[in-house]
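A quick write-up on the structure given underneath.
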2 protein chains.
Amino acid sequence: MRADAERSTARILEAAETVLADDPNASLERIGDAAGVARATVHRRFASRQALLKALSERLNDRYLAVIEQAKVETAPPVLALHRASEIVFDLKISHRFSITLASAPGREVQDGLDLLFTRLQEAGAIAPASPSWCRRVYLALMGEVYLLPDEAPELVEAGGRAGLLVKTVLGALGGR
Amino acid sequence: MRADAERSTARILEAAETVLADDPNASLERIGDAAGVARATVHRRFASRQALLKALSERLNDRYLAVIEQAKVETAPPVLALHRASEIVFDLKISHRFSITLASAPGREVQDGLDLLFTRLQEAGAIAPASPSWCRRVYLALMGEVYLLPDEAPELVEAGGRAGLLVKTVLGALGGR
DNA sequence: GGCATGTGAGACATCAATGACGCAGTTATT
DNA sequence: AATAACTGCGTCATTGATGTCTCACATGCC
């Protein structure tokens with residue numbers, strides 16, 4: 001594969017991420033336009049719309065996996081890990097509307113990472129006992145809300161930034177003291 | 001309008017609610033089938049797909065408005081009102097996936113009702129100071145999660161039922177003691 | 001420089017959803 | 001019972017998205 005083509009693929013994925021976030025039913029043509037590429041090229045790089053979506057969700061999954069690693073979910077103090085993970089995710093500027101709603105649930109590995117994180121939070125007494133899946137869902141849901149906050153209420157993100165707000169809110173929701 | 005037609009309209013709206021919750025892009029034919037009605041009839045009652053969606057969101061809005069009234073948001077102790085409102089909404093068995101995600105944001109009046117509720121919660125010290133819109137979003141997001149919980153974790157809904165879980169979680173999230 | 005690969009533009013076939021009719025048969029209303 | 005309103009079914013036109021293909025041109029690579 002020529003370096004050229006590689007770049008196209010990347011730009012298409014990039015564009016797909018933002019365009020599909022805005023409208024999950026956007027046509028491949030719109031995605032192509034956003035990527036600065038002809039519709040035909042989208043088809044060349046991805047055999048079908050479905051293939052594109054699949055590649056997209058894999059890409060997102062990889063990124064999330066990297067986040068979990070960078071946040072040192074397994075070793076760092078869990079509250080800190082939660083904060084770092086949130087921070088990194090926000091920095092990715094990923095459109096979570098898509099990644100959470102559309103690209104289906106996070107992959108097994110990401111789920112396991114989150115489950116571990118919440119188990120450790122629980123052991124540390126930062127949250128009350130609860131099923132990891134419940135914790136995960138609350139976390140992701142609140143992340144979605146915090147993510148698209150700034151548009152209408154920048155003043156809310158006072159002290160700790162968006163990550164701070166998210167951590168505070170999640171811990172509260174899950175019964176932390 | 002004949003009583004007959006009225007019933008059709010109602011059945012179509014009903015069906016649309018559940019079908020669109022499952023797949024927001026479901027065709028009018030699927031909706032018609034679910035309503036036990038021919039596709040043509042859907043078109044007869046609703047000039048266009050858009051018209052159907054509009055009618056649907058108005059219908060939902062009306063229901064929510066009724067909930068706010070029944071919960072005595074203006075007069076009852078706010079925590080109690082929150083609990084009752086949650087309870088009633090869950091009883092409506094409305095598909096919130098649709099009502100929240102698709103039917104756009106709740107109407108002005110519903111928003112105002114919720115804002116009042118959260119303002120009162122704040123005055124009562126049940127939650128920390130925060131913009132009403134933030135409270136609203138957190139509440140709706142968590143409601144969505146609680147709503148589709150039972151499928152995978154019925155044990156979570158212990159003491160106070162789903163409404164109890166929701167209230168506990170929301171108050172915690174918003175900094176209640 | 002020359003070859004292989006990638007690309008844009010356009011044409012084309014396909015398919016599903018939408019929306020509009022007409023007609024024959026049913027049902028509510030009076 | 002007579003009438004007006006509904007409905008199911010089938011037909012048709014239209015539209016937008018998808019996917020495939022070809023051809024001329026460009027661009028990366030050896």
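Computed from heavy atoms alone, side chains included, the values below leave out hydrogens, waters and symmetry copies. Below, chains carry the letters A, B, ... as their sequence lines are ordered, and counting in each starts from 1. Note that the structure is a prediction, hence the values are computed from the model and not measured.
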Original post:
Got more than 12 heavy atoms from elsewhere within 6.0 Å of CD, B:Glu58?
Top reply: yes

Subject >> Whole-Å gap separating C1' (D:dT18) and CG (A:Asn25) >> reply: 14 Å

Subject >> Shortest non-hydrogen separation from A:Gln70 to A:Arg84 and the atoms involved >> reply: O-NH2, 3.2 Å

Original post:
Any donor-acceptor pair under 3.5 Å joining the side chain of B:Arg44 to the base of D:dG8?
Top reply: yes

**OP:** Whole angstrom is fine here: how far is it from CD in A:Glu6 over to P in C:dT5?
**Re:** 15 Å

**OP:** Grab the CG-P distance between B:Leu20 and C:dA17 for me, whole Å please.
**Re:** 13 Å

Subject >> Rounded interatomic separation in angstrom, taking CD from A:Glu29 and P from C:dG8 >> reply: 13 Å

Original post:
Does any residue of residues 30-37 of chain B have a heavy atom under 4.0 Å from DNA chain D, and if so, which ones, in number order?
Top reply: B:Gly36, B:Val37

Original post:
Of all heavy-atom pairs between B:Ala71 and B:Ala81, which one has the smallest distance, and what is that distance?
Top reply: O-CB, 3.6 Å

Original post:
Just wondering, do B:Val146 and B:Thr169 contact through their side chains at under 4.5 Å, heavy atoms?
Top reply: no

Subject >> Heavy-atom pair of closest approach, residues B:Ala16 and B:Leu56 >> reply: CB-CD2, 3.8 Å

Original post:
Within a strict 4.5 Å, meaning less than it, do heavy atoms of the B:Leu114 and B:Tyr64 side chains meet?
Top reply: no

**OP:** Determine yes or no for a side-chain-to-main-chain donor-acceptor pair under 3.5 angstrom, with A:Arg30 supplying the side chain and A:Leu20 the backbone.
**Re:** no

Original post:
How close or far is atom C1' of C:dT7 from atom CG of A:Leu28, stated in whole angstroms?
Top reply: 17 Å

Kindly give the atom pairs (protein nitrogen or oxygen, nucleotide nitrogen or oxygen) under 3.5 Å for nucleotides 28-30 of chain D.
unit_1, atom_1, unit_2, atom_2, d
D:dG28, O4', A:Arg2, NE, 3.4

Original post:
Where is the tightest heavy-atom contact between B:Pro132 and B:Asp115, given as atom of each residue plus distance?
Top reply: CB-OD1, 3.4 Å

Original post:
Which part of the nucleic acid, if any, lies within reach of B:Ala40 when heavy atoms closer than 4.0 Å are counted: base, sugar-phosphate only, or nothing?
Top reply: base

Original post:
How far apart are the closest heavy atoms of A:Lys72 and A:Arg120, and which atoms are they?
Top reply: O-NH1, 4.4 Å

Subject >> Mutual orientation of the aromatic rings belonging to B:Phe90 and B:Tyr147 [parallel < 30°, tilted 30-60°, perpendicular > 60°] >> reply: parallel

**OP:** Considering non-hydrogen atoms only, spot the tightest contact between B:Val110 and B:Pro106 and give its length.
**Re:** CG1-CB, 3.8 Å

Original post:
Do B:Arg39 and C:dG19 share a donor-acceptor pair, side chain to base, under 3.5 Å?
Top reply: yes

**OP:** Using a 4.5 Å cut-off on heavy atoms from C-beta on, say whether the side chain of A:Glu14 contacts that of A:Arg59.
**Re:** yes

Original post:
Of the candidate nucleotides D:dG19, D:dC6, C:dG19, which contains the atom at the shortest distance from the side chain of B:Ser48?
Top reply: C:dG19

Original post:
Does B:Ser8 place a side-chain N or O at less than 4.0 Å from the phosphate oxygens OP1/OP2 of D:dT7?
Top reply: yes

**OP:** Rounded off to whole Å, could you give me the NE2-to-P distance for the A:His43 and C:dT14 pair?
**Re:** 16 Å

**OP:** Write down the distance between CZ (B:Arg49) and P (C:dA16), rounded to a whole number of angstrom.
**Re:** 16 Å

Original post:
Of all the choices, C:dG8, C:dT18, C:dG6, which nucleotide is nearest to the side chain of A:Ala38 once you look at every atom?
Top reply: C:dG8

**OP:** Send over the distance from A:Arg11 CZ to C:dG6 P, rounded to a whole Å.
**Re:** 16 Å

**OP:** Compare side-chain N and O positions of A:Thr41 against OP1 and OP2 of C:dG8 and report whether any pair is under 4.0 Å apart.
**Re:** yes

Subject >> Contiguous pairing runs of three or more, Watson-Crick or G-U under 3.5 Å, that involve DNA chain C >> reply: C:1-30 with D:1-30

